[in-house]
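Have a look at the structure below before the remarks.
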Amino acid sequence: MLRIFYKWMWYNYFMKIIDGKALAAKIQAKLKKEVAEMSVQPGLVAIMVGNDPASQIYVRGKERDADKIGIRSNIVRLPEDTTEEELLKVISRYNQDPLWHGIIVQLPLPAHINEENVLMKILPEKDVDGFHPLNMGLLWAGKAVMVPSTPAGIMAMFKDYKVTLKGKKAVVVGRSNIVGKPIAQLMMMENATVTIAHSQTQNLSDLTRQADILVVAIGSDRFIKADDVKPGAVVIDVGMNRGDGGKLHGDVDFENVKEVAGLITPVPGGVGPMTRTMLMKQTVEAAKRSLKNVE
Ligand code: GUN
């Protein structure tokens with residue numbers, strides 16, 4: 001028992017492990033205070049099409065977080081056979097309603113719906129996911145307004161754990177619009193030298209072994225091993241993979257990599273809680289901006 005306690009002390013007090021849950025709770029408490037002082041209650045609507053089990057869990061988590069902070073939330077659940085036109089109409093209704101400051105459409109969408117058309121329909125100022133091409137373009141132009149939540153959460157963790165990016169060599173494994181590309185740009189904006197690797201990258205380990213900061217977002221169970229990591233590196237694991245036994249694992253082989261890394265996020269309890277919290281932060285900010293536009 002004592003040995004387990006000492007181990008826990010070691011990891012927590014020597015800051016080997018980034019506690020995303022604790023940081024998320026700290027930011028949520030701050031947001032709650034801010035919301036209580038606002039003249040308008042921020043509102044967030046999540047639109048879901050179909051019954052994707054992972055999406056159901058995500059959306060319920062977002063609703064719980066919104067409740068805790070004092071954000072009004074609504075989940076619109078549409079059947080799997082909803083047409084694109086019907087979905088666009090629902091978005092349009094929330095675009096026009098000033099009570100809702102943030103609109104998200106949970107991804108993935110059923111195959112018969114064009115994702116790009118849907119994301120483009122959300123008003124950029126209500127696009128709290130930051131997936132609208134205008135917001136993506138602004139981010140790449142270095143004028144970030146709405147930033148996707150997962151990368152925003154990672155940047156918040158860097159700030160809280162005093163990870164400096166200037167001059168560092170960062171490698172991102174994964175090139176998605178939701179995580180890989182935006183986190184690369186955000187780190188570049190902080191003056192890191194960034195390489196984006198992906199499924200077709202040759203000699204991936206040679207690359208990851210050079211990284212001072214390694215961000216992995218590929219959705220492949222414990223893909224990154226201890227040998228792939230530079231001793232002392234900061235390792236951020238965005239993966240959430242449920243194995244045969246139902247246990248949740250990241251894209252990083254946490255048990256072994258934690259012995260090599262200087263700082264590492266666990267799964268669960270790392271990036272996940274931060275993602276939802278940053279969505280709430282973005283909603284609060286969207287509500288504040290809407291007040292400014294009215295004044
Ligand atoms: N599906 C998986 N991650 C996300 C996310 O961050 N936002 C939305 N809307 N859908 C997702």
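Counting starts at 1 for both ligands and their atoms, in listed order. Note: hydrogens, waters and symmetry copies are ignored here, and every other heavy atom, side chains too, is used. These numbers were taken from a predicted model, which means no experiment stands behind them. Counting from 1, the numbers follow the sequence of the chain as shown.
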Quick one: CG on Leu119 to CD1 on Ile91, what's the gap to the nearest 0.5 Å? 8.0 Å
Quiz question: by atom type and distance under 3.5 Å, do the side chains of Asp251 and Ser220 form a donor-acceptor pair? no
Listing by chain and number, which residues have a heavy atom under 4.0 Å from ligand 1? Val105, Gln106, Leu107, Asp129, Phe131
Let me confirm one number: the OH-CG distance from Tyr58 to Asp52, rounded to the nearest 0.5 Å. 8.5 Å
With a 4.5 Å heavy-atom cut-off, do Leu109 and Glu84 have their side chains touching? no
May I ask you to check whether Thr150 and Thr275 show a side-chain donor-acceptor distance below 3.5 Å? yes
ILVMFWY clustering at 4.5 Å (side-chain atoms), partners of Leu123: none
